[in-house]
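Note that the coordinates shown come from a computational prediction; the quantities given were computed from them, not determined experimentally. Scope of the values below: all heavy atoms of this structure, side chains included, with no hydrogens, waters or symmetry mates.
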Amino acid sequence: MSTVFDINSLARENVRKLVPYMSARRLGGHGDIWLNANEYPIAPNFQLTENTLNRYPECQPATVIQRYADYADLQPEQILVSRGADESIELLIRVFCEPGRDAVLFCPPTYGMYSVSAETFGIEQKKIPAGIDWQPDIAAIKNNLDRVKLIYICSPNNPTGNLIDPAALHQILELTRNRAIVAIDEAYIEFCPQHATTHATTRWLQDYPHLVILRTLSKAFALAGLRCGFTLASADIIALMLKVITPYPLATPIADIAAQALTETGIQTMRNRVKEIVSNRAYLQQALSKLALVENVFPSETNYILVKFINAEFVFKTLWEQGIILRDQSKQPGLENCLRITIGSRNECEQLVSAISALSSQTQQIKETENP
């Protein structure tokens, strides 16, 4: 009688031990109001115009590259398009980090894929906790740069929603000059247009050849299902990344829709969408701050807000059962009792406020019954 072979014994040890990133879809749920994945609540309308599906697509679709270069005020050779910004996170590790020798650095609480990608490739992680107002601890970063080849900085940061101070970014770029790549993840940058006007990091590329900027069409462009992201960097860095990217990273329909989204009309539609989300964000922040179960509503420059509750687990589970799906961030360092809430439509925001308000009233009634 043969014994059952355990296929896990063939897997790399670090992969066997790896805790995967739990995306909103992997976490599941059955809801009517989805406020857990930082998506736009209404599907945009695009029609496919390319029908050459019998041919392989371009590795880097020229129209998409040119239009994003125009949008970012850069040259086409400074742009790489990929399967979401997540692919770029991994490409940078593959290009610049040697397993067993180099390290990546990031500042939790922040986006979980930096850690998962580093672990997948067997790269050491240096986790420097964020400081006051979730800004980088510059002194701690300076003292931990040994063997660091790549730094990820999420700005605006996910899940806290805050922009990173441009002065702090400049300090990090100066500290790492000629020794490490600094990747600023700007997935949510369109939701703070004033920052793009006064402190556009794209202008820094000429002064900092080790700077990389990550962007996406998933958030403000409302194309999360498209999986289309961009890397903005020097032509030399882009050339290195093109060495290791897959032969056909963007399917023809994806490139077709991405090119449409980056027309003047598409960009203006995105900006109108941002105004709507910012307005709903202000409404939700103000309304939630008045509720008894809410301890703190943090400032945000994104399409979500971070909220600290008196009992986040109770709120999360109760709303989940009612079909209102939020994102629990309580296990992130420094985020005990915190939930992240995507800014939905005004109607969805109002339903959320009403549901939490009802919970607040029920909780108060229970307290009064227990302590008459």
Side-chain angles (χ1 to χ4, degrees), residues 17-31 33-39 106-119 125 127-137 152-162 164 185 187-188 281 284-285 287-344 348-349 351-353 355-360 362-364 366-367:
K17 295 179 178 178
L18 179 67
V19 178
Y21 178 76
M22 297 305 293
S23 67
R25 292 298 170 265
R26 291 183 76 169
L27 288 170
H30 299 281
I33 300 177
W34 293 89
L35 304 178
N36 65 335
N38 302 339
E39 303 153 321
F106 50 90
C107 303
T110 194
Y111 183 42
M113 280 306 298
Y114 309 143
S115 178
V116 171
S117 295
E119 183 65 33
Q125 304 170 52
K127 302 178 183 180
I128 309 301
I132 298 172
D133 295 329
W134 296 304
Q135 293 295 321
D137 185 336
Y152 293 111
I153 301 173
C154 193
S155 181
N157 187 45
N158 179 11
T160 57
N162 63 290
I164 303 302
D185 186 343
Y188 299 92
R281 184 179 71 200
L284 189 59
Q285 287 174 312
L288 289 179
S289 66
K290 299 176 182 177
L291 302 183
L293 283 175
V294 174
E295 187 173 325
N296 195 3
V297 179
F298 296 98
S300 175
E301 297 284 354
T302 64
N303 67 336
Y304 57 86
I305 56 175
L306 187 71
V307 181
K308 185 171 185 178
F309 290 88
I310 293 173
N311 187 339
E313 183 179 6
F314 166 70
V315 174
F316 178 82
K317 289 184 175 179
T318 305
L319 293 183
W320 179 287
E321 291 168 358
Q322 295 177 13
I324 301 175
I325 313 300
L326 310 182
R327 183 76 175 211
D328 187 0
Q329 297 291 339
S330 296
K331 291 182 174 59
Q332 286 252 38
L335 301 187
E336 183 180 359
N337 274 320
C338 287
L339 304 179
R340 193 192 69 192
I341 304 174
T342 303
I343 309 301
E348 289 175 330
C349 291
Q351 289 187 64
L352 173 67
V353 171
I356 298 177
S357 179
L359 285 183
S360 298
Q362 292 171 18
T363 303
Q364 185 62 34
I366 292 172
K367 287 182 178 180

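- A salt bridge (charged side-chain N to carboxylate O under 4.0 Å, His left out) check over residues 314-325, counting only residues at least two apart or in different chains, returns the pairs Glu313-Lys317.
- With 3.5 Å as the limit, one finds a donor-acceptor pair spanning the side chains of Asn158 and Arg340.
- Under the 4.5 Å side-chain criterion, counting only non-hydrogen atoms from C-beta, Ile325 is not in contact with Leu35.
- Within 6.0 Å of atom CG in Asn296, more than 12 heavy atoms from other residues, nucleotides or ligands are found, so the atom counts as buried in its surroundings.
- Considering every non-hydrogen atom in both Ile305 and Ser300, the closest pair reads CG2-CB, 3.9 Å.
- Considering only heavy atoms from C-beta on, Val294 comes within 4.5 Å of Val307 through its side chain.
- Contacts of Gln332 classified as side chain to side chain contact (heavy atoms under 4.5 Å, CB included), with partners at least two apart in sequence or in another chain: Pro109, Pro159, Gln329, Leu335.
- Annotation: side-chain hydrogen bond (donor to acceptor under 3.5 Å, both in side chains) contacts of Ser330 (sequence neighbours excluded): Asp328.
- Contact between Ile343 and Arg281 at its shortest, heavy atoms only, is CG2-N, 3.6 Å.
- Checked against side-chain hydrogen bond (donor to acceptor under 3.5 Å, both in side chains), Thr160 has the following partners two or more places apart in sequence or in another chain: Asn157, Asn162.
- The ring-ring contact (aromatic ring centres under 6.0 Å, His included) check on Tyr114 picks up Tyr111, Tyr152, with sequence neighbours excluded.
- Closest of all the heavy-atom pairs between Cys154 and Thr110 is CB-OG1, 3.5 Å.
- Separating the CG atom in Asn337 from the CG atom in Asn311 is a distance of 6.0 Å, to the nearest 0.5 Å.
- The CD atom of Gln285 sits 11.5 Å away from atom CZ of Phe298, with the distance rounded to the nearest 0.5 Å.
- Partners of Lys17 by side-chain hydrogen bond (donor to acceptor under 3.5 Å, both in side chains), not counting sequence neighbours, listed by chain and number: Glu13.
- Considering all non-hydrogen atoms of both residues, Cys349 and Leu284 come closest at O-CD1, 4.0 Å.
- Leu339 contributes atom CG, which lies 12.0 Å from atom NZ of Lys308 (distance to the nearest 0.5 angstrom).
- Residues passing the side chain to side chain contact (heavy atoms under 4.5 Å, CB included) test with Ser357 are Leu291, sequence neighbours excluded.
- Lys127 is linked by a side chain to side chain contact (heavy atoms under 4.5 Å, CB included) to Phe106, Pro108, Ser115, Gln125, counting only residues two or more places apart in sequence or in another chain.
- Applying the ring-ring contact (aromatic ring centres under 6.0 Å, His included) rule to Phe309 yields no partners; only residues at least two apart in sequence or on another chain are considered.
- Of all the heavy atoms in Ala292 and Ile310, the pair that sits closest is O-CD1, 3.1 Å.
- Rounding to the nearest 0.5 Å gives a distance of 10.5 Å between CG of Leu352 and OG1 of Thr342.
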*Determine, step by step, whether Leu319 and Ile33 satisfy the side-chain contact (heavy atoms from CB on, under 4.5 Å) criterion, reporting the C-alpha distance in whole Å, the side-chain angles of both residues, the deciding distance to 0.1 Å, and the verdict.*
CA-CA 10 Å; Leu319 293 183; Ile33 300 177; over 6 Å; no
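- Remark: Phe316 pairs with Trp320 by the ring-ring contact (aromatic ring centres under 6.0 Å, His included) rule, at least two apart or across chains.
- Atoms SG and CG, on Cys107 and Asp137 in that order, are 8.0 Å from each other to the nearest 0.5 Å.
- Partner Ile341 forms a side-chain contact (heavy atoms from CB on, under 4.5 Å) with one of Asn38, Leu326, Val297, Asn36 and no other, that one being Leu326.
- For the side chain to side chain contact (heavy atoms under 4.5 Å, CB included) test, residues two or more places apart in sequence or in another chain that qualify with Thr318 are Phe314, Gln322, Leu359.
- Under the side-chain hydrogen bond (donor to acceptor under 3.5 Å, both in side chains) criterion, Glu295 pairs with no residue, sequence neighbours left out.
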